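Both ligands and their constituent atoms are indexed starting at 1 by order of listing. Values below: all heavy atoms of this structure, side chains included; hydrogens, waters and symmetry mates excluded. What you are looking at is a predicted structure, and each value in this text was computed from that prediction instead of being measured.
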Amino acid sequence: MEKLKLYSANDLAKVTNHRSGEIKFGEKMLTVPKGVDPVHFLEATEVKYVILGIPEDIGIRANFGRPGAASAWESAMKNIANIQHNRFCKGSHILILGEIDVADEMREVENLDFNDIDDRSKLSQLVERIDKEVSHIIFTIVKAGKTPIIIGGGHNNSYGNIKGTALAKGKPINAVNFDAHSDFRILEGRHSGNGFSYAYEEGFLKKYFIFGLHENYTSKSVLDLIKKTEDRVRYTTYDSIKIRKEKSFDHELTTALEFVKTEFFGIEIDLDAIPNIASSAMTPSGFSVEQLRQFTSIFGRSKNASYLHICEGAPDLGEEKNNHLIGKLIGYLVTDFIKANQ
Ligand SMILES: N=CN[C@@H](CCC(=O)O)C(=O)O
């Protein structure tokens, strides 16, 4: 795990704002002690939840998107460290493992142009390089009996999450994805729009449910492909629930849960499904933050929930004065998941 940059107790102290009479997560969460092998530590610790950051937006660049998601990890950590440790949720149940070191790759993409065919191919190759690191680290965390909470990064990282979890569990897993987009697009080289189709094609993803797809942003070819694989890939649209009111939110949650919970499954959350949250494909229309939190809690409750991935939030694309909001939203989702799951 050479590309794993461990988070130290000192890193944690730097982002924790101490206040007398209060105990913050940053004072209670674990880090891997200096000089200790992280794999041994993962195997030995009793802590169940392991937080990992992926500060990249290379998959988004390879998908002709707007960069910015690399900054979500730092914003999330600044928030998570300052959540109150209390009877509702305890920081001591969390290990902050660290982040995947993508600094070299991020430097390499700075001057690459999506419109240049050679550059586009380089972007995809760099996504594949990150895929390998993500799947290896997720494999190691899950194999140690822990539940990863992954903070991205682009949605390309769904591939590594699914692959790593499936390899650790020794069988393909299911996934539920709260997203405006299917990310089940053609296998044209890796990017943020085809993490699930690659995982499906390579046999790591068994059943896949897309929750709240936006009808305007799903191509006919993807809809046709999903129709052909109906026994394994299903969806419900945002428009059918919230606009035409043909289906109820709660009923669709149950349908999706029944579909995925038959096996170990991953919970994938793309923040571009929430209105006005800064992201590459930012939207003015979508489910509310409360609905996303309910989704996280309901799926988190299942004993087969094997990881949580929150991605595509891009504080760097947001308003300068309030760029802590994405970190705060991620903090709510992390604690909603843990409270439901523990
Ligand atoms: N992870 C996001 N994937 C979307 C992005 C859509 C967009 O950039 O407009 C997709 O490929 O469909």
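- Taking every heavy atom of H155 and a limit of under 4.0 angstrom, the matching atoms of ligand 1 come to 1 (N).
- In D270, the part holding a heavy atom less than 4.0 Å from any atom of ligand 1 is the side chain.
- Every N/O-N/O distance between H181 and ligand 1 stays at or above 3.5 Å.
- Ring to ring, F211 and F249 are close: their centroids are under 6.0 angstrom apart.
- The closest protein non-hydrogen atom to atom 8 (O) of ligand 1 is A281 CB, 3.9 Å.
- The two atoms that bring N177 and H155 nearest to each other are OD1-CE1, 3.2 Å, heavy atoms only.
- A continuous path of hydrophobic side-chain contacts links M106 to L112 [ILVMFWY only; heavy atoms under 4.5 Å].
- Neither the backbone nor the side chain of H191 comes within contact range of ligand 1; no heavy atom lies under 4.0 Å.
- At a 3.5 angstrom cut-off on N or O pairs, Y217 does not count as close to ligand 1.
- Checking only distances, E312 does come within under 3.5 Å of ligand 1, N or O to N or O.
- For ligand 1, the polar-atom distance check finds an N/O of N63 within less than 3.5 Å of one of the ligand's N/O atoms.
- In I60, neither the side chain nor the backbone holds a heavy atom less than 4.0 Å from any atom of ligand 1.
- Geometrically, K207 does not engage F265 in a cation-pi contact, judged by NZ or CZ lying under 6.0 Å from the ring centre and within 45° of the ring axis.
- Residues V142 and K169 have side chains in contact (heavy-atom distance under 4.5 Å, counting atoms from C-beta outward).
- Side chains of N341 and Y49 form a contact here, defined as non-hydrogen atoms less than 4.5 Å apart.
- Relative to atom 12 (O) of ligand 1, the option among R185, M282, R66 with the closest non-hydrogen atom is R185.
- A side-chain donor from one of D11 and S8 sits under 3.5 Å from a side-chain acceptor of the other.
- Side-chain N or O atoms of Q291 include one that pairs as donor or acceptor with a backbone N or O of S288 at under 3.5 Å.
- When heavy-atom distances to ligand 1 are checked against a 4.0 Å cut-off, N156 has no atom that comes that close, whether in backbone or side chain.
- Counting protein heavy atoms only, atom 3 (N) of ligand 1 is closest to D183 OD1, 2.9 Å.
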